[in-house]
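Numbering of ligands and ligand atoms starts at 1, following listing order. It should be emphasised that the depicted structure is a prediction, and the values quoted were computed from it without experimental measurement.
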Amino acid sequence: MRGNVIVTPPCALRTAGEFAERAGTGVLGAVRYSTAGGPPRWEHGLPVLPLHMARPGEPEVVEVWHAGGDVVRTGEHEGLRYAHDGETLFCAGWIGPSADCGEATRRAYLAAFDLVERLGYPTVFRMWNTLEGITDRTARGTEVYADFCVGRGRAFDARGHAMPASTGIGSLGGGVAFYFLAHRSHAAVHLENPLQVPAHEYPSRYGPRSPSFARGTYLEPERGRGALYVSGTASILDHATVAPGDVARQVQVTLANIAALIGADNLARHGVDAGYALGDLRAIKVYVKRPQDVPLVARLCRDEFSRRADLAVFTVDVCRPDLLVEVEGVAT
Ligand code: 3EB
């Protein structure tokens with residue numbers, strides 16, 4: 001098969017029916033984008049995280065993470081539910097609604113770091129965080145996302161883990177939830193974007209603690225091409241929002257940001273001998289703030305991405321009030 005290997009993305013976006021038919025074999029875990037969120041649960045013996053990301057009448061999307069090999073072990077650790085196949089760990093946690101999501105996030109992240117160290121999957125390479133009311137004010141007058149960033153940052157400070165690719169996005173309910181992937185042996189290269197200030201260097205006007213994430217993470221392969229996990233990416237140049245109010249331009253800027261991140265020039269800058277284009281992106285998730293923008297954003301994105309790519313659109317808040325869209329995916 002050498003020379004003409006079809007690289008399959010490590011995850012797929014399925015309908016609930018497709019997931020029900022094929023669940024079980026070859027699966028590490030799943031995330032259900034549905035009409036209610038809550039703690040991770042067991043389905044077919046595997047961890048499944050329900051996120052409140054669908055409005056009534058919208059179809060459920062199931063993000064299925066593939067296992068390598070047949071032996072999948074599962075477990076629980078301080079409310080986290082996880083599965084691992086000897087190479088990759090999938091782990092989901094639920095922080096839930098809380099008055100101080102910062103402290104709850106700090107504790108949950110510390111439990112996650114404990115777990116990866118104990119199980120021997122030290123390379124955390126992709127994280128997702130969903131926050132109900134992400135731009136809302138708390139009773140103490142702080143912002144939910146800002147509180148979250150404080151707690152997450154403290155956990156990273158305490159353990160010294162490298163900051164991986166991440167998503168921080170709104171949800172429609174269920175408080176705060178998160179899930180992540182970690183690897184046992186492969187090296188990860190965490191990527192910054194030449195068009196953007198590193199998020200961990202954002203000025204303090206965006207919050208007391210800058211966000212702890214990289215713009216992307218490249219996971220070195222055993223052989224052949226690796227996979228590049230693209231963080232949630234928005235219409236931000238330098239550190240400032242571009243084109244507030246203009247959703248079409250925000251899509252353009254967002255996609256140009258992703259293209260610059262995954263292109264050969266930027267990867268060479270990070271010591272990675274590879275290069276990707278927008279057409280290589282798979283398992284694409286598009287977050288749109290205003291329901292009325294969904295048709296336009298979906299069309300603009302489908303025009304740029306491969307027709308072979310799974311693509312799901314969710315109508316949820318983005319972490320800054322002036323951001324109308326955010327896009328993520330996996331380049332393979
Ligand atoms: C941004 O670029 C948009 O807090 O984990 C994107 C990806 C964003 C991840 C996070 C936030 C996060 O700042 C927001």
Checklist entry - Could Arg320 and Tyr202 be counted as a cation-pi pair, given that NZ or CZ must be under 6.0 Å from the ring centre and within 45° of the axis? => result yes
Checklist entry - Can you tell me which residue and heavy atom of the protein come closest to atom 13 (O) of ligand 1, and the distance to 0.1 Å? => result Tyr202 OH, 2.7 Å
Next on the checklist: Under a 3.5 Å threshold, yes or no: a donor from one side chain and an acceptor from the other, between Arg154 and Thr105?
Outcome noted: no
Next on the checklist: Please determine whether any non-hydrogen atom of Glu326 lies less than 4.0 Å from an atom of ligand 1.
Outcome noted: yes
Checklist entry - Strictly under 4.0 Å, does any heavy atom of Cys319 approach an atom of ligand 1? => result yes
Checklist outcome for this item: For Gly168, the ligand 1 atoms with a heavy-atom partner under 4.0 Å come out as 5 (O), 7 (C), 9 (C), 10 (C), 11 (C), 12 (C)
Next on the checklist: Are any of the N/O atoms on Tyr145, whether in the backbone or the side chain, positioned under 3.5 angstrom from an N/O atom of ligand 1?
Outcome noted: yes
Checklist entry - Side chain, backbone, both or neither: which part of Thr167 has a heavy atom under 4.0 Å from ligand 1? => result backbone
Checklist entry - What residue among Lys285, Glu60, Glu58 forms side-chain hydrogen bond (donor to acceptor under 3.5 Å, both in side chains) with Tyr33? => result Lys285
Next on the checklist: Quick check: closest heavy atoms across Ser185 and Glu87, and the distance to 0.1 Å?
Outcome noted: OG-OE1, 3.5 Å
Item to check | Close approach, Arg152 and ligand 1, non-hydrogen under 4.0 angstrom | outcome: yes
Next on the checklist: For atom 8 (C) of ligand 1, what is the closest protein heavy atom, and at what distance to 0.1 Å?
Outcome noted: Phe213 CZ, 3.8 Å
Item to check | Close approach, Arg215 and ligand 1, non-hydrogen under 4.0 angstrom | outcome: yes
Checklist entry - Would you call the rings of Phe113 and Tyr109 parallel, tilted or perpendicular if under 30° counts as parallel and over 60° as perpendicular? => result perpendicular
Next on the checklist: Tell me whether the rings of His84 and Tyr82 are parallel (<30°), tilted (30 to 60°) or perpendicular (>60°).
Outcome noted: tilted
Checklist entry - Does a sphere of radius 6.0 Å around CZ in Arg249 hold more than 12 heavy atoms from other residues, nucleotides or ligands, not counting ones at 6.0 Å or beyond? => result no
Item to check | Protein heavy atom at shortest distance from atom 6 (C) of ligand 1 | outcome: Gly232 O, 3.1 Å
Next on the checklist: So for ligand 1, is Ser166 a polar contact partner (N or O within less than 3.5 Å, distance only)?
Outcome noted: yes
Checklist entry - Do you know the tightest heavy-atom contact between Ala155 and Arg106? => result CB-O, 3.9 Å
